[in-house]
Amino acid sequence: MTKAKVADGEVAAKSLPIATRSVNKTYGSVVALKDINLDIKSGEFMTLLGPSGSGKTTLLMVLAGFVRPDSGSVKFGDEEVIAKAPHERGIGMMFQNYALFPHMSVATNIAYPLKIRKWPKDKIAAAVDEVLATVQLSGYQARRISELSGGQKQRVALARAIVFKPKILLMDEPLSALDKNLRELMQLELRNMHERLGMTTVLVTHDQREALTMSDRVAVLRNGEIAQIGTSTTLYNAPETAFIAAFLGESAFLHVSARGGIHYYREQAIKVADGQAIPEAGLLVLRPEKLQVADGAEKLPDYNYFDGVLERVLFQGESSVAFVRLVGGELVLVRRQLNESSSLNVSAPGSPLVLSLHKNDSRVVRDDMKR
Ligand code: ADP
Ligand code: MG
């Protein structure tokens, strides 16, 4: 656990682990959360990712104490908090709509959680100055919220969430109102701040790129359940199901059957990475950046080859994307960096092509798309 020295010589934790057990929540006939068992390590940056309506906000609100689940347990460290009100849980919170007081000053807004906690005035002023430096708004104490830009409001909301040094920070789509450039900048700053301050952080987002960039681990929710949980690279490179592969990044899928311990696409045996789980019928994931256009007739033993026809090539700046129709009728995307795209650029639409995929990039996943 992350520890920090405090003035009186004791050692105080900067962060706490979170553990939920069998958390269930229904709204009428809607199952918002179903048997959620989630362990978040002390100091971890965990993201809850999923499509709209998958239960992300409900789960965050259960952690915060605004939603009482029908059953289950929520622990912060060793302490069961399920019966505690939000303000008794010691958490920092940040939402998409900043929920700031628009006609009050930056300092008054940030001081609010400290006033509730009855901090003395001089300590409040010092804490406000310190946290404004953390969010890079030093000198903005007297500004009104209504005079700030969207990005600055976001920083004030963050400052207010962390000013009392919570051991747990909960954020629900905090950046989704910002435009792309500012959002990417704030992602970086949030991540840096997390590394400096070290509190356990739970971020809700529906933006897969944001989840992959920011998190130590990502829990993907679907229909109120955790579909898969893991590091960004594990989820991207080793998805367990087609839903996860489709939700994180671009992919095309080929139906494969299994016979005698081997996968087949049509009549073609598919090579997969050594040690991949026992073959069963499923979908072969084709990531656009892992496919190559095979030049020449030579076939290497560690590759799968797919015959197709080039439909079109799109120039996208730093890369090009080719749409290739395979013999089985599937439309597959191939993305290449420009300097290696020559074989795409010289082929006219309608030309036959052969695509190759290394066996280590050939994953067969469970088909869970129709649910
Ligand atoms: P997300 O944040 O992933 O978009 P939510 O947690 O907000 O999803 O919602 C999960 C499901 O629970 C949705 O079907 C939603 O309509 C339903 N739900 C959430 N809050 C309420 C509520 N207060 N009353 C009724 N249904 C709700
Ligand atoms: Mg939500």
Side-chain angles (χ1 to χ4, degrees), residues 18-40 45-74 81-86 89 91-100 150 153-154 157-158 161 168-180 183 186-187 190 200-215 217-230 232 235 239-249 368-371:
I18 300 173
T20 78
R21 288 294 173 272
S22 307
V23 166
N24 289 283
K25 178 69 189 172
T26 54
Y27 291 105
S29 63
V30 175
V31 180
L33 294 175
K34 190 175 170 192
D35 194 28
I36 299 289
N37 295 287
L38 181 63
D39 283 287
I40 305 172
F45 196 122
M46 170 71 78
T47 296
L48 308 178
L49 174 71
S52 175
S54 57
K56 307 180 296 293
T57 294
T58 305
L59 180 51
L60 201 76
M61 290 299 141
V62 166
L63 299 182
F66 291 106
V67 167
R68 182 84 187 252
D70 305 330
S71 59
S73 145
V74 176
V81 296
I82 200 79
K84 287 195 155 190
R89 296 192 182 195
I91 44 169
M93 290 215 70
M94 188 175 167
F95 304 98
Q96 175 185 344
N97 59 352
Y98 326 105
L100 299 169
K153 284 179 193 160
Q154 202 60 64
L158 175 62
I168 293 172
L169 175 63
L170 306 178
M171 299 185 281
D172 194 352
E173 312 251 0
L175 308 181
S176 54
L178 306 178
D179 66 33
K180 185 169 174 288
R183 195 163 69 234
M186 285 296 289
Q187 286 170 359
L190 267 180
T200 309
T201 300
V202 186
L203 170 78
V204 161
T205 183
H206 65 272
D207 179 340
Q208 48 106 352
R209 192 173 289 275
E210 183 166 293
L212 292 180
T213 356
M214 296 190 67
S215 327
R217 283 191 302 157
V218 179
V220 185
L221 274 82
R222 182 188 197 191
N223 300 333
E225 294 182 79
I226 295 177
Q228 192 174 343
I229 182 165
S232 299
L235 287 176
E240 285 165 6
T241 68
F243 171 78
I244 298 291
F247 199 67
L248 291 151
D368 61 346
M369 295 302 267
K370 291 184 215 77
R371 274 185 52 184

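This one's a predicted model, so the numbers in the text were calculated from it and none came from an experiment. Numbering of ligands and ligand atoms starts at 1, following listing order.
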Would you mind reporting whether [Y] and [X] have side-chain heavy atoms less than 4.5 Å apart?
X	Y	answer
F95	E173	no
L100	K153	yes
H206	S52	no
V62	L33	yes
L38	I40	yes

Would you mind running through ligand 1 and noting each atom that sits below 4.0 Å from a heavy atom of P51?
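Atoms satisfying the 4.0 Å criterion: 3 (O).
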Per-atom contacts, ligand 1 versus S52 - under 4.0 Å to a heavy atom:
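In order of number, 4 (O).
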With a 4.0 Å cut-off, strictly under, does atom 16 (O) of ligand 1 pick up any protein heavy atom?
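Flag for atom 16 (O) of ligand 1 set to false, no protein heavy atom closer than 4.0 Å.
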Please indicate, with yes or no, if any protein heavy atom is found under 4.0 Å from atom 10 (C) of ligand 1?
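Flag for atom 10 (C) of ligand 1 set to true, protein heavy atom closer than 4.0 Å.
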Quick one: side chain to side chain contact (heavy atoms under 4.5 Å, CB included) partners of [X], sequence neighbours excluded?
X	result
S71	N24
T241	F243, I244, R366, D368
E240	Q228

How many angstroms lie between atom CG of D179 and atom CZ of R183, to the nearest 0.5 angstrom?
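Going from the CG atom of D179 to the CZ atom of R183 covers 8.0 Å.
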Supply the atom-to-atom distance L212 CG to L49 CG, rounded to the nearest 0.5 angstrom.
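Separation between the atoms: 7.5 Å.
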Assess, by modelled atom type and distance only, whether the side chains of E210 and T205 contain a donor and an acceptor separated by less than 3.5 Å.
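Judged by distance alone, the side chains do pair up.
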Quiz question: by atom type and distance under 3.5 Å, do the side chains of T26 and D70 form a donor-acceptor pair?
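Side-chain D/A pair, T26 to D70: present.
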Which protein heavy atom lies closest to [atom], and at what distance to 0.1 Å?
atom	result
atom 8 (O) of ligand 1	G55 N, 3.2 Å
atom 27 (C) of ligand 1	Y27 CD1, 3.2 Å
atom 7 (O) of ligand 1	T57 CB, 3.7 Å
atom 12 (O) of ligand 1	A32 CB, 3.5 Å
atom 3 (O) of ligand 1	K56 NZ, 2.8 Å
atom 14 (O) of ligand 1	V30 CG1, 3.5 Å
atom 6 (O) of ligand 1	T58 OG1, 2.5 Å

For the Mg ion (ligand 2), which protein N/O/S atoms are closer than 2.8 Å?
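For the Mg ion (ligand 2), the protein N, O and S atoms that sit under 2.8 Å away are T57 OG1.
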Work out whether the distance between some heavy atom of G224 and some atom of ligand 1 is less than 4.0 Å.
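It does not, in that no heavy atom of G224 comes within the 4.0 Å cut-off of ligand 1.
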Answer with yes or no whether G50 contacts ligand 1, where contact means a heavy atom under 4.0 Å from a ligand atom.
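It does not; every heavy atom stays at 4.0 Å or beyond.
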In plain terms, say whether D35 and R21 are close enough for a salt bridge, that is, a side-chain N and a carboxylate O under 4.0 Å apart.
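Salt bridge absent between D35 and R21.
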Using heavy-atom distances only, which candidate in G28, G53, S29 approaches atom 1 (P) of ligand 1 most closely?
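Shortest heavy-atom distance from atom 1 (P) of ligand 1: G53.
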